[in-house]
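This is a predicted model, so every value here is computed, not measured.
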Amino acid sequence: MAERFADRVTVPDVVGLPFHVGRDVANDAGVTLANPDTDGPPIAGLAWPGLYYITSQSPPPGTTLYRWDSVTVQIVPYGEADSSALALPHDVPPADNAHAHPQRDAYIDLTEPDDQRH
């Protein structure tokens with residue numbers, strides 16, 4: 001294989017970003033976003049019109065590629081992203097509400113004239 005003369009760049013993290021923002025982040029880093037289906041349409045064609053979010057990418061962030069190599073991304077329309085994350089149980093708030101009432105250590109009474117303040 002012939003040596004490439006393009007400089008090397010680091011793949012940014014674009015997962016979770018709206019497609020149009022991720023595309024700009026990737027462009028600024030020197031890579032291009034692509035459809036994982038090489039026989040399919042360009043990824044920008046799939047993400048237009050509308051609001052799409054990037055749900056995965058390959059290669060992962062931090063990988064070194066040649067400038068303008070492709071990073072394949074999966075996208076979903078806004079509001080349709082599946083989540084495989086488990087919901088963590090929330091701590092139960094304290095039963096008494098004493099924590100909601102601050103205690104004053106010191107205060108200034110603004111109703112007294114300046115010459116009577118201590």
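Note on Val71: it clusters hydrophobically with Val21, by side-chain heavy-atom contacts below 4.5 Å among ILVMFWY residues. Residues Val25 and Ile43 share a single hydrophobic cluster, defined by chaining ILVMFWY side chains whose heavy atoms lie under 4.5 Å apart. Tracing side-chain contacts under 4.5 Å through hydrophobic residues (I, L, V, M, F, W, Y), one never reaches Val73 starting from Leu51; they form parts of separate clusters.
Nearest heavy-atom pair, Ala26 versus Pro12, reported as atom, atom and distance to 0.1 Å: CA-CG, 4.0 Å. Summarising the geometry of Leu33 relative to Ile54, their closest heavy-atom pair is CD1-CD1, 4.0 Å, with the distance given to 0.1 Å. Of all heavy-atom pairs spanning Ala47 and Ile75, the tightest one is CB-CD1, 3.7 Å. Of all non-hydrogen atoms in Val14 and Gln57, the two that sit nearest each other are N-OE1, 2.8 Å.
Using a 4.5 Å heavy-atom cutoff, the side chains of Trp68 and Asn27 are in contact. Side-chain contact between Pro61 and Val15 is absent, with no heavy-atom pair separated by less than 4.5 Å. Looking at heavy atoms from C-beta onward, Arg4 lies in side-chain contact with Asp69 at the 4.5 angstrom threshold. Residues Arg23 and Leu17 have side chains not in contact (no heavy-atom distance under 4.5 Å, counting atoms from C-beta outward).
For the pair Gln74 (side chain) and Pro36 (backbone), a donor-acceptor distance under 3.5 Å is absent. Under the 3.5 Å distance criterion, the side-chain polar atoms of Thr72 are matched with a main-chain donor or acceptor of Ser58.
Considering Tyr53, Phe19, Tyr52 as possible partners of Tyr78, the one that fulfils the side-chain contact (heavy atoms from CB on, under 4.5 Å) test is Tyr53.
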